[in-house]
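What follows is a short report on a single structure.
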2 protein chains.
Amino acid sequence: MQKTQLNVVTSLRQMILEGELKAGARLAEIPTSEKLGVSRTPVRIAFRALEQEGLLTKLPRRGYEVRSVSTEEIIGAVEVRGVLEGLAARQAAERGMSEDQQKALAALLEEGDRILAVDELTESDLEQYQQMNKRFHDIVIEASHNPAIHAALSRNEHLPFASASALAFDKAHMLREAKRFEFAHMQHHHVYHAIVNGLGTRAEGIMREHANATLGYINSPRNADQLTVISEHDT
Amino acid sequence: MQKTQLNVVTSLRQMILEGELKAGARLAEIPTSEKLGVSRTPVRIAFRALEQEGLLTKLPRRGYEVRSVSTEEIIGAVEVRGVLEGLAARQAAERGMSEDQQKALAALLEEGDRILAVDELTESDLEQYQQMNKRFHDIVIEASHNPAIHAALSRNEHLPFASASALAFDKAHMLREAKRFEFAHMQHHHVYHAIVNGLGTRAEGIMREHANATLGYINSPRNADQLTVISEHDT
DNA sequence: TAATTCTTAATTGGATCCAATATTATGCTT
DNA sequence: AAGCATAATATTGGATCCAATTAAGAATTA
């Protein structure tokens, strides 16, 4: 099968995200095209796309290099995610979700409950949880009926996972910090509750906190309890 | 001079934004390359870039077409701008601006005061004001020290100005609604005040309101007065 | 030995060519 | 006349070619 353009982008991206191409590595069109067994044209296009995604930087007349993403930058990207998904959650609450979306979110919450019910999380549980997590967020964004949110996020899609500063994102660490998943998942429940009850401002607030949780900067358990209490008393 | 790649993108973009290429117009590589006097290669790259910007959509095997941007979409884009610039203003307040940035903002505020002091705004005043406005916002974003904000906004850079639904953006209307500029400029003053005094939450809130003002959805004058009063009493 | 100049080579951007594919138009058949 | 099949055409994606630019290295000179 002939390698198509999209494949070139995705395989290069994978190589970067999995650390096969380390930060600072230099990439030129001809060597890369030979390595991938395609011509220069699709490689050129892929380089531009990856530059757009923030994974490569152009060195004029000296090719591209894999960007080293600083910790600050990743934090910044997550903060951006936070306000954008906060907006999404608020608008989803204000505009209301479809039956399908509501059901899908409920199912994902159950799935998360089930995954987290086991005594000790395996790496495969982690994988499953992360997929569930992504779908949950995607549905909230979709339910916002605001395509500009998705567009704005696309730029930050892969940046936080760049290999350079893996930060709290590598699996070993994630497993160690498994308890935080319970907190994050509880936030999912609360976001869901807020959205289906039309509590836009709260949905936004929780979602913004939730973004920070991904970074490992979570609030104290005390705050978590408070959140639960407040949630029981309202509507 | 040979037309370079960037020129192809910018001239196509200009044609779209100025309405020379209307929404729904179909574009193919070969006719476009002939029209612009370049080969297909830069046109192909330009099409992809403009698709990324949301100005073109791809019709598989039938070329591209100029996207018709709905009013809802523009509103969505402005809302996204609002939360992102709100984040920028908050972080600028929290992290503090450099001397240069602070001086630059102050100068822009004065420039705006001067422009708005005249009895009746001309079109050239409008032009000047908008340039000032853009620089003001750019500096706030820069002062956030969060490059992810700029990256996320780049996607929405031109969308609100797409010719299809000019909305409140055409000059005639803008001139008619000139009073709103005074309100918007007052918000600039308040944002500046909040940032230099480290009032992050307020800076964020005003900036988010401010985005709506661009759309013509401003709060009542009563609210504007209140804002002023609060601003006098604090710090 | 260090600096400067000149040459070489690497690299990209644009143009053109070729192949694959899907749409559209045309003509034939019922 | 309408529908279907087939042919022609439009269109893109990938490969290769050519030219322009500049970075890097070598050689020469002070």
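Hydrogens, waters and symmetry mates play no part in the numbers below; they use all other heavy atoms, side chains included. Chain letters run A, B, ... following the sequence lines, proteins first, then strands; residues in each count from 1. Everything numeric in this text was worked out from a predicted model, so none of it was measured.
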Rounded to whole Å, CG of A:L59 lies from P of C:dG13 at a distance of 12 Å
Looking only at heavy atoms, the pair that brings B:L159 and B:G54 closest together is CD1-O, 3.5 Å
Taken to the nearest whole Å, CD1/B:I45 to P/C:dT12 is 13 Å
Rounded to whole Å, the CZ-C1' distance (A:R40 to C:dT11) equals 8 Å
message: Salt bridge check, A:E157 against A:K134: does any charged N sit closer than 4.0 Å to a carboxylate O?
response: yes
Polar atoms only, N or O, under 3.5 Å: list the protein pairs with nucleotides 9-11 of chain D and their distances.
unit_1: D:dT11; atom_1: OP1; unit_2: B:R26; atom_2: NH2; d: 3.4
unit_1: D:dT11; atom_1: O2; unit_2: B:R61; atom_2: NH1; d: 2.6

Checklist entry - Can you say whether the rings of B:Y129 and B:H188 are parallel (under 30°), tilted (30 to 60°) or perpendicular (over 60°)? => result parallel
From the candidates D:dG13, C:dG14, D:dA15, the one with an atom nearest any side-chain atom of B:P42 is C:dG14
A:S39 vs D:dG14: side-chain N/O to OP1/OP2 distance below 4.0 Å
no
Residue pairs meeting salt bridge (charged side-chain N to carboxylate O under 4.0 Å, His left out), one or both in residues 90-103 of chain A, sequence neighbours left out, come to A:R90-A:E94, A:R90-A:E204, A:R95-B:E79
Checklist entry - Is the shortest side-chain N/O distance from B:K58 to OP1 or OP2 of D:dG13 below 4.0 Å? => result yes
Closest non-hydrogen contact found for B:I16 with B:L56 is CD1-CD2, 3.9 Å
B:R44 atom CZ is separated from C:dG14 atom P, nearest whole Å, by 13 Å
Item checked: Electrostatic pair A:E51:A:K58 at N-O distance under 4.0 angstrom -> no
